[in-house]
Amino acid sequence: MTQTIDKILIANRGEIAVRIMRTCREMGIGTVAVYSEVDRKAAHVMMADEAVCIGPAEAALSYLNMEAIIQAARATGCGAVHPGYGFLAENADFSEQCEAHGLIFIGPSAEVIRLLGDKIAARKRLSEEGLPIIPGTLGGENTLKELEAATLSMGYPVVVKAAAGGGGKGMRTVARPAELEAALASAAGEAKAAFGNGKVYIEKYLVAPRHIEVQILADTHGTVIHLIERECSAQRRHQKIVEECPSPVVDKAMREKMGAAAVKAAKAVGYTNAGTFEFLVDAEMNFYFLEVNTRLQVEHPVTELVTGVDLVREQIRIAAGAPLALSQDEIIPRGHAVECRIYAEDPANGFMPSPGTLETLVEPSGPGVRVDSGVYEGWTVPMEYDPILSKIITFGSDRKAATQRMIQALKQTVITGIASPVPFLIELLESETFEKGEVTTDTIDQELSDWKPTLPLTEALLAYVAHDLFGQKAPSMAGPTEQPSPWTQLGAFRI
Amino acid sequence: MTQTIDKILIANRGEIAVRIMRTCREMGIGTVAVYSEVDRKAAHVMMADEAVCIGPAEAALSYLNMEAIIQAARATGCGAVHPGYGFLAENADFSEQCEAHGLIFIGPSAEVIRLLGDKIAARKRLSEEGLPIIPGTLGGENTLKELEAATLSMGYPVVVKAAAGGGGKGMRTVARPAELEAALASAAGEAKAAFGNGKVYIEKYLVAPRHIEVQILADTHGTVIHLIERECSAQRRHQKIVEECPSPVVDKAMREKMGAAAVKAAKAVGYTNAGTFEFLVDAEMNFYFLEVNTRLQVEHPVTELVTGVDLVREQIRIAAGAPLALSQDEIIPRGHAVECRIYAEDPANGFMPSPGTLETLVEPSGPGVRVDSGVYEGWTVPMEYDPILSKIITFGSDRKAATQRMIQALKQTVITGIASPVPFLIELLESETFEKGEVTTDTIDQELSDWKPTLPLTEALLAYVAHDLFGQKAPSMAGPTEQPSPWTQLGAFRI
Amino acid sequence: MDYRCKTGMIETTLSCTTRKKGFSTEIDGTPFIVSAMPVGEKQMHLFINGRSRLACVEVIEGGKRITIDGVPVEVLDADRLPDTSSAKDDMPGDVTPPMPSVVLAILVSLGDQVDKGTPLVTVSAMKMETTLTAPFDARISSINTAPGDQVMPGEILVNLEPITPEEEKTGTGG
Amino acid sequence: MDYRCKTGMIETTLSCTTRKKGFSTEIDGTPFIVSAMPVGEKQMHLFINGRSRLACVEVIEGGKRITIDGVPVEVLDADRLPDTSSAKDDMPGDVTPPMPSVVLAILVSLGDQVDKGTPLVTVSAMKMETTLTAPFDARISSINTAPGDQVMPGEILVNLEPITPEEEKTGTGG
């Protein structure tokens, strides 16, 4: 029943492609990268065993180009395709096409992706399986009038979401009925651009909720387990920026309840491979189903550090038909992990993307510090794709230790040439709100929208003068060093 | 009963000083580095909050200069001293001097260090506590004749060891009675130079044993726990080079037996803080007490990764008088960790030290990869001290995953300007002997003494030509990038 | 030795006396004794009044960029800067977009009176859609773009006329 | 274009034909098609017959040092090397110690006949003691050092006369 996977095409780029390739290599599995013309020098190309150029910069012609990707997989003799996150990761057609061409798609079946990818259908179906859902439209409303009526019955504010959504794209919060029409149009437009599907739906907007999600693993033999929850409430513009595992507010009873609900729903729809059930949690700790991400998540490392499981390894094993190596009882969380996403973006200006060249890049290291990076010093971040550069993840014996480690890791980081959220993240993690575990999905947008960095001016001025006076590099040890001679011949034998 | 430790002087240098400072910083504890004149630009100086120059390069005048170190601690207002490993870490006088000057010494009491530091006395005492010991001299023999007689009764080969030893220094294997006298003299000389004490003793040399050691933690309230074993059989010249946790050959029963023996002995001598009970294990899995290292070990990270405990944090907590945070039941090993020590040394020439300037240094990163480094690109490794540069530690769900991860991490590493064991370590870890867990303390010296690197000649030649033809750096994005303008003002408002 | 440095809008003059491997100076009345060593290619290690500090220093046009504890600061040489702020108009609205974008929608019409925060134009850059809002209460005096336009750094999309003229000289950013 | 390269004792000549962003050549009868891109400051990314490869390349005296998969290799330009091995005497014994050491003990006497592997001199360098042994069966023809001596790169401590003269021209190291 188990198939052998010898070589995998990674249909993605950046940090996630690099991360997947690392595990493949450790498993002795060959890797094929695909890249667009602007990514010839990208980190994921350098990490791969082989690489195929699949088109020009524009994603529609390269990373979203199913035909070119499948052709590359076949030409290089791959047995499987790992889609990463974003791009084609939640595209049921792509999963189907892969299987049709004899390629194992490392993810759930096309049917499951299709069902759960339509957020409207998923809400409907999973509420039937007992998952609590937020009041909202279920797809029957067709005219603006009907939608307006629905919003009025659920009460403002509401949120417009893309049915094919993910990553905060195609999402608009609407405070007043008068703004609904524009929000619907704008969300639909962004959704169409991002996912090729402009269908949207409306939910009641929960005020200051927490975003808590449950990681699951499901094999092809009907076994489903959960790997406890992650909290991802620190968001800007509906996009996660800091994640942690476990959640600072979930106790054992709630963990088991949420986990069991996710496992039950996953079994009901025949879910296979890794997936995430996302929930919003209100102030009274009621949880409401949000959506299922039918793929690896950006924030999967925090779960890996706390459970000891390599999720990519498990994804590959499951795809090959192997039964889960671990039972639910063996998932014993230990310690605490925090992840910060490092984007090319400017937190002092609404987190605007900031493409450009990484003039200096110093990444942190040391005990309990993991960096999943997709860039290097000198790399020019292309404008065409999601501007994620890397992720810093820290582990500690408890939440405080992990947070302190993260603060130190961020302070060790140097990113110049482009703006980065590092200074913002340091202040966020040092804040009392974060320390107390009180960050909600509204915190950054509402309380920190005017954030400006506190600059270390005095020290910078002193460093400026110091560099002027003493910054001349000492002449480097001129010339190459001699090859060391054999030790056993230190005593120079002459014949 | 608990004291507050606000600031710690780290009486060491290199990777271990940096590693200790990281934990201090995470705990909100101030750090003071000490450095010799050649170490002004050393990594540990840059990592510290404050730093004090304590003397010239020669260790006896700086890192072994108790008076200068205690003076520095007092001048900077430190409450405690962490000795790291090596230098003064196992010096009972130093522990005593610290306490006499009102400084907490982060380690066991002077009495315990003194007892266990004399390997002859320790063997005698701990064998009375039930620890099995290797046949050997117990200190009564005074003349060469008496020693010769003792060796003949235990049978050759024998090994001469320094009573004040550690780290393989002052150690000589003797195959024939005729070599005994020279070995005694040579070992005594090296021991005197290294530890200021030329006392030696003799043990029967076990053929191809394994080196397995048990990590313990003991608080000042009488509680002692063990953090399972580490295997450190991969040694060259009696010095460890690869360590792992857990041992590939220790089962649960033996783990409990060794752990219980170490805990019992530690309790009997009134041990406090972190320590390691070292054992040799013969082919029949009998274990014999070797010595106690009354300090943090180089290889402590493998235990940290498998148990989730930050040993430096626990050392500091114990020194402050806090009871152990974890009970024996809560030490649940998970997964597997491997450490490779990266020294400035040449494995193709008897692992001869290779000081010089690090012309290029690329350290590995990624999931499950930890680097504890004390150097940076451009740093000139001084000749005066132990040539350790850094340690690479990998974690995996099992031994195979951890080993594979290590092989990939080593392959990502670039160290030039000085020789490093990286090419050797790759081949060692890829060997069938290592894969099967069959490395003994003799393996490297006996089977790999003629090792030469397998050079990637073809690829290097092609890279040479490629660099010649295409290596011209693309002109860098000339000039600094403009500061990004506020996003909300993309639409350029004019008044 | 005197250094006249500019960080953002702030100009600071430091009178420095060099010492062995260092210098002393004063900032806002606080005395500083600094010793310094270059480390590697881009880093300086400092002792500032005895405190150890690592700074990443890059030479940029007109000065240096210094990163300390993860936070970059541009310190410019005020003596090398143009006399007045001629390079940029200091008006809050008069700035240059940092990257090429595509205009998706114009949400206002010529002559509209808008409150601070009213959405004006929706653009897309780097796969992300963002709505530009009015930085103050204003009247739309001209619209210079249309949906589908590729807009480049420097282009002005909408001109605003403030409604409360007393605000004219205040504000250093929205 | 021809390249004559030296790696250790091996000399290789590569006849290369340049192509778009790459070249083709042959080594020991195996054809290679290579495309190449410089990356960052010291790295080259290659496709060698379609296989992705990252190499760290440093320019050193007389050639380049290339690190691939953790293993550094020095590739020298044979055309720029001195005609014969004049810089170094190729004799296995006639080499230079790479670092200053202190002689601890001389374990042989003038005229002694020693077997291969016999300990000759004990020295200490970088806090570590090591015994130098005879690389072949030999007779001690002179001793040029004494315990306590600081010995420097280039100094010859002990001269050996081989006992089996037929070994004279063989061996490329102990």
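Proteins get letters first, then strands, A, B, ... in listed order; numbering begins at 1 in each.
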Side chain, backbone, both or neither: which part of A/Arg22 has a non-hydrogen atom closer than 4.5 Å to chain B? side chain
Is chain A contacted by the side chain of B/Val369, its backbone, both, or neither, given a heavy-atom distance below 4.5 Å? backbone
Would you say the rings of B/Tyr343 and B/Phe351 are close, in the sense that their centroids are separated by under 6.0 Å? no
Tell me, for B/Ser373 versus chain A, whether the close heavy atoms (under 4.5 Å) come from the side chain, the backbone, both or neither. neither
I'd like to know if the side chain of A/Arg25 reaches the main chain of A/Gly30, judged simply by a donor and an acceptor atom lying under 3.5 Å from each other, with no hydrogens or angles considered. no
Region of B/Ile393 in contact with chain A, defined by heavy-atom distances below 4.5 Å: neither
For A/Ile10 and A/Met21 the tightest heavy-atom approach is CD1-CG, 3.7 Å
Just by modelled atom types, is the A/Glu299 backbone N or O under 3.5 Å from a matching donor or acceptor in the A/Lys391 side chain? no
Partner chain A: residue of B/Ser397, B/Ala401, B/Gly396 with the largest heavy-atom pair count (under 4.5 Å): B/Ala401
Where does A/Thr307 contact chain B at under 4.5 Å (heavy atoms): side chain, backbone, both or neither? backbone
Less than 4.5 Å to any heavy atom of chain B: does that hold for the side chain of A/Pro301, its backbone, both, or neither? neither
Determine yes or no for a side-chain-to-main-chain donor-acceptor pair under 3.5 angstrom, with A/Ser354 supplying the side chain and A/Ala419 the backbone. yes
Testing the basics here: between B/Phe395 and B/Arg334, what is the closest heavy-atom pair and its distance to 0.1 Å? CE1-O, 3.2 Å
Is it the side chain or the backbone of A/Leu305 that comes within 4.5 Å of chain B heavy atoms, both, or neither? backbone
Under 4.5 Å from a heavy atom of chain B, the part of A/Thr403 involved: neither
With a 4.5 Å cut-off on heavy-atom pairs, point out which of A/Gly366, A/Gly335, A/Pro367 contacts chain B the most. A/Pro367
Sort out for me which of B/Gln404, B/Gln412, B/Arg370, B/Met27 touches chain A most, counting heavy-atom pairs under 4.5 Å. B/Arg370
Option that, when pairs with chain A are counted at under 4.5 Å, heavy atom only, ranks first among B/Gln408, B/Glu26, B/Lys400: B/Glu26
With a 3.5 Å distance limit and no angle check, can you tell me whether B/Ser420 reaches the backbone of B/Val422 through a side-chain donor-acceptor pair? yes
At a heavy-atom separation under 4.5 Å, does A/Arg405 approach chain B through its side chain, its backbone, both, or neither? both
One option among B/Glu363, B/Arg313, B/Met406 has the most heavy-atom pairs under 4.5 Å with chain A, and it is B/Arg313
Heavy-atom distance under 4.5 Å between the side chains of A/Ile418 and A/Leu389, does that happen here? yes
Do side-chain atoms of B/Asp445 reach the backbone of B/Arg236 as a donor and acceptor pair under 3.5 angstrom? no
